2 protein chains.
Amino acid sequence: MNSTEADGPQDRLLDAAGEVFAERGFDGATIREITRQAGMNVAAVNYYFRDKDELYAATLRHAHSAACELPYAEEAALSAEERVHVFVQNLLRRFLDPLRPRWHGQLMAREMASPTRIFGQVIEEAFRPKCAWLQRALVELCGDRFSGADLDYLTTSIIGQCTFYRQNRQVIQSLFPGLLSPDNLVERLARHITDFSLAAVRNMKPHHPSLSNEPILKSR
Amino acid sequence: MNSTEADGPQDRLLDAAGEVFAERGFDGATIREITRQAGMNVAAVNYYFRDKDELYAATLRHAHSAACELPYAEEAALSAEERVHVFVQNLLRRFLDPLRPRWHGQLMAREMASPTRIFGQVIEEAFRPKCAWLQRALVELCGDRFSGADLDYLTTSIIGQCTFYRQNRQVIQSLFPGLLSPDNLVERLARHITDFSLAAVRNMKPHHPSLSNEPILKSR
DNA sequence: ATAAAAATGAAACATTTGTTTGAAACATTC
DNA sequence: GAATGTTTCAAACAAATGTTTCATTTTTAT
């Protein structure tokens, strides 16, 4: 029933902790439920980790590092369009890929909604570089039509579409039953979000006709 | 320091509960902190409501009903484009409008991430009709180019962009400092998301060239 | 003004929960 | 095989928390 079997007791604890933390949140999760699910004694968490806080931190690091290695190709190798697609694919995979334990993305979604101190690291070390990667592709796509805050808006529009599916799973299931069920879900979603966003970026006019002093050009 | 003053003690409790629940979540919030913030005794929650659960339910209903009356115009009065704009505006207002207490949107975001039983009602009574309202506008925009699941994808793309700003406020502040600070934030965001989405909808090809049997048309 | 009802407050109660302890079981090493 | 270090377990502890009680104060109605 578990994801990665035949590991040490620490890993069994981490897996159980991940599931329970993801399901109930930090405050809702109890040490007793975690250890029961791991088939261990309550004292185990004090033995292998110091306390609940450190167990949580370890769980978070575990989830992130396990979900981290995704193929970001060399930028020169792909067109800007393809890079946007790769970005969306990777983000969705991290969140929704049924091959990796469901609680990874669930826990990350929780953290994005109300981050703990540990998560600040993850933001800086993982999110920020990926965002810059995406923004370079976007700049290549729109030239000087967008810059500054407008570029950030484009970025958040794309990321927002992706995170929505992870952070609102149950609401989506209620409103659009069946939408999340196809087994090639990630690929279909990635295709849609990429097409949607590329169509938008290509055909959209900037709000603030750029901060520079060049004349406003009719877009495309 | 509070939002709506000069109400009965129940309302003072509800306001305090809203802030604490929004800040700490249901499990993280303690009755003692809530009543202390409301300047009342712990017994008050048992007196006015039965227990913590019902206090939470009342808080949720309070937040939703207070945030519910937003102007959804008659459909005939506005163009499809304008209706998309109104939808986006209203969603963002509900979440981000600095005029209404911050915890309203915060609490709603928490519920969307991991809904309780009470929230099911809110989904059915409020979200579903609004979604249908948006989808009618989208159908008017794309004619028969999109249908079924594709229409749902369009819908979630729009909603996802809006909810992102509420559910990931802190992460956004880290990655894009200043993006959330302008005082006409809601209007700017609404304008961007609407333009972005309309440009996408108008220029995008459907993935599954519709389920009907008509020939695939080159999209305008 | 007086009685009834509503509201409040301090303390106590019963659980839950994070944490610790110390003994027993197990493994490893010399 | 004894000695040593490591891991597991049941029980206990202390603090926190939801809930209740009941006496007291305040308000309302007659």
Side-chain angles (χ1 to χ4, degrees), chain A residues 2 4-63 103 107 110-111 114 116-119, chain B residues 2 4-63 103 107 110-111 114 116-119:
Chain A
N2 249 344
T4 44
E5 211 64 59
D7 272 322
Q10 297 100 324
D11 298 275
R12 246 184 339 157
L13 238 186
L14 278 182
D15 272 334
E19 285 186 32
V20 179
F21 279 136
E23 184 69 29
R24 307 231 191 281
F26 180 83
D27 291 303
T30 74
I31 300 248
R32 284 174 171 79
E33 183 178 356
I34 291 171
T35 49
R36 184 162 41 76
Q37 175 148 345
M40 313 174 84
N41 191 272
V42 271
V45 47
N46 178 278
Y47 183 75
Y48 289 108
F49 308 87
R50 208 171 54 76
D51 51 18
K52 192 186 180 185
D53 281 301
E54 201 175 311
L55 172 63
Y56 183 76
T59 306
L60 208 63
R61 276 190 290 266
H62 178 52
W103 61 266
L107 198 64
R110 261 186 199 283
E111 277 290 325
S114 49
T116 59
R117 219 161 294 110
I118 308 112
F119 199 61
Chain B
N2 250 346
T4 44
E5 211 64 61
D7 272 322
Q10 297 99 323
D11 298 276
R12 249 187 338 163
L13 239 186
L14 279 182
D15 271 335
E19 285 185 32
V20 179
F21 278 137
E23 184 69 29
R24 306 229 191 282
F26 180 82
D27 292 300
T30 74
I31 301 249
R32 283 173 171 80
E33 183 177 356
I34 291 171
T35 49
R36 184 162 41 76
Q37 175 148 344
M40 313 175 84
N41 192 272
V42 271
V45 48
N46 177 279
Y47 183 74
Y48 289 107
F49 308 87
R50 208 174 52 78
D51 52 17
K52 190 184 180 185
D53 281 299
E54 200 177 311
L55 172 62
Y56 184 75
T59 305
L60 209 63
R61 276 190 291 267
H62 178 51
W103 61 266
L107 198 65
R110 258 186 202 284
E111 277 291 325
S114 49
T116 60
R117 219 161 295 110
I118 307 112
F119 199 61

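Here is how names work: the chains are called A, B, and so on, in the same order as the sequence lines, proteins then strands, and each is numbered from 1. Please read all numbers here as calculations on a predicted model, not as lab measurements.
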To the nearest 0.5 Å, what is the distance between CE on Met40(A) and OH on Tyr47(A)?
10.5 Å
In whole Å, what is the span from the CZ atom of Phe49(A) to the P atom of dT7(D)?
13 Å
Between atom CZ in Arg24(B) and atom P in dA16(D), what is the gap in whole Å?
15 Å
Once the angle between the rings of Phe26(A) and Tyr56(A) is folded into 0 to 90°, is it parallel (under 30°), tilted (30 to 60°) or perpendicular (over 60°)?
perpendicular
What is the distance from CZ of Arg12(B) to C1' of dA7(C), rounded to the nearest Å?
12 Å
From the candidates dC9(D), dA10(C), dT19(C), the one with an atom nearest any side-chain atom of Ala43(A) is dC9(D)
State which of dT8(C), dA12(C), dT7(D) makes the closest approach to the side chain of Tyr47(B).
dT8(C)
Which part of the nucleic acid, if any, lies within reach of Asp51(A) when heavy atoms closer than 4.0 Å are counted: base, sugar-phosphate only, or nothing?
sugar-phosphate
Check every atom of dT19(D), dT19(C), dT17(C) against the side chain of Ile31(B) and return the nucleotide holding the closest atom.
dT19(D)
Between the CG atom in Leu107(A) and the NE2 atom in His62(A), the distance rounded to the nearest 0.5 Å is 10.5 Å
In whole angstroms, how far is the C1' atom of dG18(C) from the CD atom of Glu33(A)?
15 Å
Between the base of dA7(C) and the side chain of Asn41(B), is there any donor-acceptor pair under 3.5 Å?
no
Using whole Å, report how far CZ of Arg32(B) lies from C1' of dA11(C).
11 Å
Start at the 5' end of DNA chain C and walk down; is the nucleotide closest to Asp53(A) or to Gly39(B) reached first?
Gly39(B)
d(CD, Gln10(A); C1', dT8(D)) in whole Å:
13 Å
Of all the choices, dT19(D), dA12(D), dA6(C), which nucleotide is nearest to the side chain of Asn46(B) once you look at every atom?
dT19(D)
Using the side-chain heavy atoms of Val42(B), tell me which of these nucleotides is nearest: dT19(D), dT8(C), dG9(C).
dT19(D)
Say you draw a straight line from CG of Asp53(B) to CD1 of Ile118(B); how long is it, rounded to the nearest 0.5 Å?
7.0 Å
Rounded to the Å, how far apart are Leu55(A) CG and dT19(C) C1'?
13 Å
Ignoring the backbone of Tyr48(A), work out which of dG18(D), dT7(D), dT19(C) is nearest its side chain.
dT7(D)
Return the value, rounded to whole Å, for the distance between atom NZ of Lys52(B) and atom P of dT16(C).
14 Å
Rounded to the nearest 0.5 angstrom, the CG-CG distance for Leu14(A) and Leu60(A) is 11.0 Å
